[in-house]
Amino acid sequence: MALAPPPPRVLIFPLPLQGPVNSMLKLSELLCLGGLHVTFLVTDHIDARLRRYSNVQSRFRSHPGFRLQAISDGLPENHPRGDKFLEVFESMKVHTKPLFKELLQSGGISCVIADGGLGFPLDVAEEVGIPLFIVRTISAACLWVFFRLPQLIQSGELPFTGDDDLDVMVKSVPGMERYLRRRDLPSFCRSGNVADPNIELYKCESTNNPRATGLILNTFEELESPILSQMRGVCPNIYTIGPLHAHLKAKLAATGTSLPDFSNSLWEEDRFCLVWLDDQPPKSVLYVSFGSLATVTKDQLMEFWHGLVNSGQRFLWVIRQDSVAGEGQVPMELLQGSKERGCIVNWAPQEEVLAHPAVGGFLTHSGWNSTLESVYEGVPMICWPYFLDQQVNSRLVEEEWKLGFDMKDTCDRSVIEKTVRNLMEVRKDEFQRNAAQMACSAKTSLGEGGSSSSHLERLIQDIKAKSVV
Ligand code: UDX
């Protein structure tokens, strides 16, 4: 009797950053559960960190079709990478592209899912003749702004600088006219220069994305439907399968598999903070984290510290060792003075923190993963965006979803104090109610027949139908 052919092998190639690596590992596991084989391709730098700090290898033992594979980003080992990611991308275009081509030509890969932010995999896959799905780990809203960059330039709405009036409304992004101001556009739009390297990088999105077999987004229909319907006018084949971190848990729970202990962290998690949270009253703690890339100055750090302490609220604050510009360590005065109501850690198990009953708010940089994790757990937010998509996401949190406050472009202790009080006390019920409703629709989207669940099934069918080997 002839043996059945092996399942198609999908190569998943995320951006070399914590957020995208995290969500793409969840996608990998979902595809493995859907009967596909997966090669997870990361840069050497990410590979080393995953092997050191995460439990990826043990997690995937139950999926023998999963492989973790490394590729060079062309940079020396001691390059800081971190928020110098444009340098990393530039180097990858030159050094990683030919290696990636060799890998695809060497056979065995049936289909590619690559982060659209990398750019070159689409050209290579087209040359080699392998179907490629683009995946984006940013919000549909921000991607839609990228799609509209040519129109923003044509209409004269770009360029402008940070010294211009940033409250002017933006008209060239259909579906967002009601609330989008200049200050809510991705931060690079303030450069005053249409030849800005970021504008150059993103202005081809509306022509590149439709070239791919499909576009996979880590969002759910109910969260971004007005924007998704606009985007489908340009790029019809969109799969909304988020929030990915919870989608995997939902699928495992539906098959009766016990929920695994996830850790995709590129830093060592301090689990003590969960013990600290156990001792705090329900919904009393503000969780504070600015993600994996953002850095703050010592002055900003002190404004946050005074604002938090003066608000009288309890807080759990993640201060990454490399996050205070120019400082090797968290200042001692800050650690000492926080002991009464605060807990400070280097890196937290964030999903578990946000799911903890003691957490009642999230002061966040509005990275897309953090936003989705907060939405899913029904935790209202105070947004202090750092760069890129975060400027857009934070506006949606305040104006479109009514899930909290957008504190962009300010860093003042009295504003921080007042905003924290407003979220945690004055308008607590209103925000908790809105957040609970949104969390409910996120959960529905992942259930049987829900939007994200159906889109994932369609994606797996389409991968099987279009695979080349
Ligand atoms: C970057 C961009 O900043 C973001 O806007 C974009 O959407 C994706 O790439 P990052 O700064 O890493 O992301 O933020 P975010 O997308 O929020 O991802 C951070 C991830 O790290 C989250 O999954 C979060 O759960 C995790 N995290 C963060 C921890 O596990 N522990 C922490 O202490 C902090």
Side-chain angles (χ1 to χ4, degrees), residues 14-27 46 49-50 53-55 81-86 88-89 115-118 135-143 145-146 186-188 198 202 217-219 242-246 248-249 261-274 277 287-296 316-323 343-356 359 362-377 379 381 383-397 408:
L15 283 181
L17 299 171
Q18 171 74 81
V21 167
N22 202 355
S23 50
M24 287 307 97
L25 276 167
K26 307 284 167 77
L27 176 61
I46 298 288
R49 296 192 81 107
L50 277 177
Y53 296 119
S54 78
N55 63 0
R81 295 174 176 88
D83 66 356
K84 304 231 176 319
F85 62 87
L86 274 185
V88 180
F89 294 176
D115 198 303
L118 288 167
V135 67
R136 295 315 290 252
T137 53
I138 53 174
S139 56
C142 182
L143 187 58
V145 172
F146 289 167
S187 44
F188 60 76
N198 276 296
Y202 295 115
L217 294 176
N218 185 12
T219 188
L244 273 165
H245 73 286
L248 176 56
K249 286 185 197 165
D261 200 7
F262 287 110
S263 170
N264 296 335
S265 273
L266 304 180
W267 284 268
E268 190 171 359
E269 289 172 349
D270 183 340
R271 299 189 63 83
F272 162 76
C273 59
L274 295 171
L277 282 174
Y287 170 58
V288 185
S289 166
F290 301 128
S292 65
L293 300 168
T295 55
V296 293
L316 164 59
W317 191 356
V318 176
I319 308 183
R320 284 187 345 267
Q321 260 167 359
D322 60 344
S323 69
C343 174
I344 296 182
V345 294
N346 285 327
W347 189 250
Q350 182 165 304
E351 285 179 37
E352 288 174 76
V353 165
L354 287 169
H356 196 287
V359 172
F362 184 10
L363 171 49
T364 170
H365 70 313
S366 299
W368 188 236
N369 291 284
S370 295
T371 306
L372 283 176
E373 287 158 14
S374 206
V375 162
Y376 185 79
E377 297 300 344
V379 178
M381 287 168 262
C383 306
W384 192 67
Y386 176 63
F387 72 165
L388 217 71
D389 58 325
Q390 301 158 11
Q391 260 75 15
V392 186
N393 303 340
S394 53
R395 186 63 171 166
L396 289 161
V397 167
K408 67 163 65 85

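Residues take their numbers from the sequence shown, with the count starting at 1. Ligands are counted one by one from 1 in listed order, and the atoms in each one are counted from 1 as well.
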### Query
Any N or O of Asn22 that comes nearer than 3.5 Å to an N or O of ligand 1?
yes

### Task
Could you tell me whether some N/O pair between Gln18 and ligand 1 is separated by less than 3.5 angstrom?
no

Under a 4.0 Å heavy-atom limit, does [X] contact ligand 1 with its side chain, its backbone, both, or neither?
| X | result |
| --- | --- |
| His245 | neither |
| His365 | side chain |
| Trp317 | neither |
| Phe387 | side chain |
| Ala294 | neither |
| Ser370 | both |

Do [X] and [Y] come close enough that some side-chain heavy atom pair is under 4.5 Å?
| X | Y | answer |
| --- | --- | --- |
| Gln390 | Lys408 | no |
| Asp270 | Asn346 | no |
| Leu274 | Pro349 | yes |
| Phe290 | Leu363 | yes |
| Arg271 | Glu352 | yes |
| Met381 | Val375 | yes |
| Ser187 | Tyr386 | no |

From [options] - option closest to [atom] by heavy atom:
| atom | options | result |
| --- | --- | --- |
| atom 28 (C) of ligand 1 | Glu351, Gln390, Gln350 | Gln350 |
| atom 26 (C) of ligand 1 | Tyr386, Trp368, Trp347 | Trp347 |
| atom 10 (P) of ligand 1 | Gly367, Gly291, Ser292, Cys142 | Ser292 |
| atom 5 (O) of ligand 1 | Val288, Asp389, Ile138 | Asp389 |
| atom 31 (N) of ligand 1 | Ala348, Pro186, Pro20 | Ala348 |

What atoms in ligand 1 come closer than 4.0 Å to a heavy atom of [X]?
| X | value |
| --- | --- |
| Asn369 | 15 (P), 16 (O), 17 (O), 18 (O), 22 (C), 23 (O) |
| Ser289 | 34 (C) |
| Gly19 | 12 (O), 18 (O) |

### Message
Checking side-chain contact (heavy atoms from CB on, under 4.5 Å) between Leu143 and each of Ile138, Val392, Thr219, which is the one that passes?
### Response
Ile138

#### Entry: ligand 1 contact by Leu293, heavy-atom criterion under 4.0 angstrom
yes

### Query
Side-chain donor-acceptor pair under 3.5 Å between Tyr287 and Gln350, yes or no?
yes

### Query
Quick one: do the Asn393 and Ser139 side chains pair a donor with an acceptor below 3.5 Å?
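Per modelled atom types, Asn393 and Ser139 side chains form a pair under 3.5 Å.
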
### Task
With sequence neighbours excluded, tell me which residues meet ring pair (Phe, Tyr, Trp, His ring centres under 6.0 Å) with Tyr202.
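For Tyr202 the ring pair (Phe, Tyr, Trp, His ring centres under 6.0 Å) partners, ignoring immediate neighbours, are Phe146, Phe188.
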
